[in-house]
Amino acid sequence: MMPPSAQAENGLDAEIRGIRLLIQGGRTEEAAAAFTKALKRRIKRRHLRWLANIAWRLEMPEKALSLLARHVRSHGRKAAADKFEKMEYGVALIEAGAYDEGFELLGELTPSDFPELLLFRSFYHFHRHDHAAAIPLLEELIMIPGRPGPNGKLNAKIFLASALEHADADLGRAAHLLEEVIAASTPSIHGYAHRNALLILAQVRVHQGLLDEAERALAGLESVCRSEKNIFGTLLLPKWRAILALRRASSAADRREAALALEAIRAGLRGTPNEWRARRCDAELARCAGDRDAFLRAYFGTPALRYREKIARELGFEVPDSYRFTLFSKPGSEAPVVVSAIDGINTAGAARLPTGGAPQRLFRALCADFYRGLRIAEICEALYPGEYFNPQSSPLRAQQVIRRLRDWFRQAGVPLVLTTRANVYRLEATAPCEIEVPSPSVKRAPRHALLLGLIERFGLGWFTAGDLAAARGMSSRSSLRLLKQALEAGFLERKGRTRGASYRVQPSPELLRTLADEEWSASGTSASNADWIQPESVGK
């Protein structure tokens with residue numbers, strides 16, 4: 001007879017297989033419940049990578065990281081990670097918001113060992129709105145014979161079709177790939193892939209202007225979702241029906257009615273885990289209803305340069321030097337408090353966030369994207385660029401900065417709070433409030449802006465980290481970190497090796513020529529209030 005420990009181990013293997021099948025079928029609530037139950041069993045190391053895979057697929061990437069962290073990031077011989085563990089840890093980092101660290105870790109592995117790496121690397125580009133960069137990875141993946149498995153191949157085709165649609169690359173091929181997936185899948189076995197293929201096919205047909213074809217795809221999705229209460233039927237189907245109605249509207253009255261329906265859906269997404277889906281709502285309101293404010297929300301509220309360039313080119317609206325994003329307002333209320341997204345300068349009082357300090361960096365990161373909050377790993381990557389995320393210690397460190405920013409809101413009289421739901425942090429307003437965001441076109445590259453700020457403060461003379469900290473009202477640790485960045489960039493000279501070391505600027509001719517080309521635009525922004533101290537990786 002098999003000993004009880006072996007029976008339990010084999011039982012966990014069966015549970016893992018069952019959970020993966022539930023996810024494949026799109027039954028995520030059942031899968032999440034079964035996953036929680038499985039974590040209570042005795043877990044061997046060989047189970048960890050499979051449990052981590054399940055965790056990030058169920059949108060619990062922090063749990064995936066906690067399962068594998070001591071093996072992947074420990075330097076002890078016994079804890080050295082295998083390639084499978086590294087792969088799952090890398091994709092979990094990307095899904096948790098530590099994009100650069102995750103992409104770097106996946107870069108240590110080769111697709112010849114794990115073809116799925118190509119899919120996981122594409123996730124990085126999807127998060128960056130750089131869909132064109134994802135296309136060659138996914139094309140390579142779907143051409144590999146027998147890998148990934150049948151369900152993995154279906155998902156790879158869906159991601160490729162989505163990348164082709166977002167990148168305006170080859171809409172005909174995108175539709176063909178999706179029709180292949182629909183034909184090869186069944187709602188009961190491949191529910192996730194089948195529903196996604198129908199939904200993205202509707203998007204592609206809308207993009208092509210084939211509205212009858214889009215309607216047929218949505219009808220197919222509705223038929224599949226009729227007996228199920230999931231995000232496809234309760235949110236995505238109504239959203240795309242509203243978009244389709246807006247595209248079909250032939251009169252001003254019909255256009256207003258469709259725009260109001262889509263605007264209601266967009267407003268209902270605010271503060272929810274699916275808030276990021278409002279981005280497409282705004283783009284469609286701008287495109288079909290001529291809604292300039294919707295365009296400005298999408299443009300200023302998306303940190304990805306390629307996305308901004310794309311919608312500005314497509315929609316043709318003029319981009320102002322700044323935009324005020326309304327977090328909270330109501331008819332007849334008092335004038336809103338206006339807060340600068342750069343340094344917290346506000347109309348509530350004289351207080352401002354110390355330039356270059358951690359609370360300012362956190363505030364900048366929170367203001368970078370209007371459509372979604374930040375997970376804790378993303379906050380850590382913004383606050384401490386270049387450092388590994390530790391699931392145990394990094395969140396505690398970030399919580400100190402979160403507390404300081406919350407304290408500043410109270411002390412400054414700014415009606416903002418930093419809330420957290422489902423491991424996501426968001427800015428919310430308790431009274432009428434607007435965030436003023438500068439146009440990306442009037443900002444310098446942070447590395448060069450840092451150089452000009454140093455020259456402005458110290459000329460070409462010697463100074464210490466303490467001098468920099470005192471001049472900018474920042475901590476010694478922050479000043480040392482920024483000086484390290486300047487040294488690595490090659491435009492500082494250092495004398496001495498301890499905390500008492502002195503520095504002076506020595507910009508190269510090449511760098512100065514680049515600076516001349518990257519001067520501030522005619523907006524009149526001066527170096528004295530420029531964001532010159534900001535690390536390049538903030539505001540992803």
Side-chain angles (χ1 to χ4, degrees), residues 127-133 165-168 207 243 246 255 259 262-263 266-267 269-270 275-327 329 336 338-347 363-372 427 433-449 452 514-527 529-532 534 536-540:
H127 282 291
R128 298 294 197 193
H129 294 269
D130 188 6
H131 301 94
E165 192 260 334
H166 281 93
D168 297 327
H207 199 150
I243 290 173
L246 187 57
R255 196 172 297 112
L262 187 57
E263 174 64 31
R266 187 199 73 83
L269 290 168
R270 177 68 186 161
E275 186 173 7
W276 61 274
R277 298 181 187 276
R279 200 186 316 268
R280 189 73 176 246
C281 295
D282 277 337
E284 292 293 332
L285 286 167
R287 176 180 289 107
C288 302
D291 188 332
R292 181 174 180 269
D293 195 58
F295 164 76
L296 294 176
R297 284 196 301 265
Y299 182 89
F300 281 87
T302 305
L305 176 62
R306 288 177 179 83
Y307 181 85
R308 291 195 298 259
E309 290 175 342
K310 179 177 182 286
I311 64 170
R313 183 177 62 252
E314 288 179 356
L315 304 180
F317 288 93
E318 183 180 351
V319 177
D321 288 342
S322 64
Y323 173 73
R324 291 182 179 179
F325 176 69
T326 301
L327 276 180
S329 66
V338 181
V339 186
S340 167
I342 293 178
D343 52 16
I345 290 178
N346 59 84
T347 59
F363 186 62
R364 279 289 312 270
L366 290 163
C367 293
D369 195 327
F370 295 165
Y371 294 93
R372 62 180 190 86
L427 286 175
C433 186
E434 295 177 347
I435 306 293
E436 186 166 35
V437 184
S439 169
S441 64
V442 302
K443 293 167 61 181
R444 280 195 202 94
R447 185 167 71 101
H448 302 146
L452 286 187
T514 305
L515 284 169
D517 295 334
E518 294 189 2
E519 256 317 297
W520 288 85
S521 69
S523 64
T525 307
S526 65
N529 62 6
D531 181 30
W532 62 268
Q534 200 63 32
E536 291 187 37
S537 60
V538 170
K540 298 179 180 59

A.B. asks: Of all heavy-atom pairs between A341 and C367, which one has the smallest distance, and what is that distance?
C.D. replies: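 In terms of heavy atoms, the two residues are closest at CB-CB, 3.8 Å.
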A.B. asks: Mind checking what makes side chain to side chain donor-acceptor pair (under 3.5 Å) contact with D291, not counting sequence neighbours?
C.D. replies: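 Listed in chain order: nothing, the list is empty.
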A.B. asks: Between D369 and R279, is the side chain to side chain contact (heavy atoms under 4.5 Å, CB included) condition met? List the steps.
C.D. replies: CA-CA 10 Å; D369 195 327; R279 200 186 316 268; 3.2 Å; yes
A.B. asks: Quick one: are K310 and D168 in side-chain contact, heavy atoms under 4.5 Å?
C.D. replies: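 Yes, close enough: below the 4.5 Å cut-off.
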A.B. asks: Under the 3.5 angstrom rule, does the side chain of Y371 hit a backbone N or O of R280 as a donor-acceptor pair?
C.D. replies: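 Checked: no pair found.
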A.B. asks: Mind checking whether Y307 and H129 have parallel, tilted or perpendicular rings, split at 30° and 60°?
C.D. replies: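 Tilted.
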A.B. asks: Run the salt bridge (charged side-chain N to carboxylate O under 4.0 Å, His left out) test against R287 and tell me which residues pass, sequence neighbours left out.
C.D. replies: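 Partners of R287 under the salt bridge (charged side-chain N to carboxylate O under 4.0 Å, His left out) test: E284, E314.
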A.B. asks: Check whether any side-chain N or O of R308 sits under 3.5 Å from a backbone N or O of F300 as a donor-acceptor pair, and report yes or no.
C.D. replies: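 No: the side chain of R308 does not pair with the backbone of F300.
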A.B. asks: Between CG of L262 and SG of C288, what distance do you get to the nearest 0.5 Å?
C.D. replies: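 Reported to 0.5 Å precision, the distance equals 9.0 Å.
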A.B. asks: Any chance you could measure E165, atom CD, to H131, atom NE2, to the nearest 0.5 Å?
C.D. replies: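 Rounded to the nearest 0.5 Å, the CD-NE2 separation comes out at 8.5 Å.
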A.B. asks: Return the minimal non-hydrogen interatomic distance between A368 and P303, and the atom names on each side.
C.D. replies: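 Reported closest heavy-atom pair: O-CD, 3.4 Å.
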A.B. asks: Are R372 and E275 close enough for a salt bridge, meaning some N to O gap below 4.0 Å?
C.D. replies: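 No salt bridge links R372 with E275.
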A.B. asks: If we only count heavy atoms from C-beta on, is the L296 to F317 side-chain gap below 4.5 Å?
C.D. replies: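 No; the side chains remain at least 4.5 Å from each other.
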A.B. asks: Given side chains that start at C-beta, do those of L246 and R255 come closer than 4.5 Å, heavy atoms only?
C.D. replies: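 Counting from C-beta outward, L246 and R255 do come under 4.5 Å.
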A.B. asks: What are the two closest heavy atoms between L285 and A259, and how far apart are they?
C.D. replies: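 Closest heavy-atom pair between L285 and A259: CD2-O, 3.7 Å.
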A.B. asks: Checking T302 side chain against A304 main chain: does a donor-acceptor pair fall under 3.5 Å?
C.D. replies: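 Not at all, since once roles are kept as given, no pair shorter than 3.5 Å links the two residues.
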A.B. asks: Got Y299 and L315 here, is their nearest side-chain heavy-atom distance under 4.5 Å?
C.D. replies: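 They are not in side-chain contact.
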A.B. asks: Would you call the rings of F370 and Y323 parallel, tilted or perpendicular, taking 30° and 60° as the class edges?
C.D. replies: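 Tilted, since the angle between the ring planes falls between 30° and 60°.
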A.B. asks: With a 4.5 Å cut-off on side-chain heavy atoms, are L327 and P336 touching?
C.D. replies: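 The answer is no, as the side chains (C-beta and beyond) never meet within the 4.5 Å cut-off.
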A.B. asks: Which atoms form the tightest heavy-atom contact between R297 and D282, and what is the distance?
C.D. replies: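 Minimum heavy-atom contact is NH2-OD1, 2.6 Å.
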A.B. asks: Should the pair E309-R306 be classified as a salt bridge under the 4.0 Å nitrogen-to-oxygen rule?
C.D. replies: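 R306 and E309: not salt-bridged.
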A.B. asks: Going from CD1 on I435 to CG on L366, what distance comes out if it is rounded to the nearest 0.5 angstrom?
C.D. replies: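 Answer rounded to 0.5 Å: 9.5 Å.
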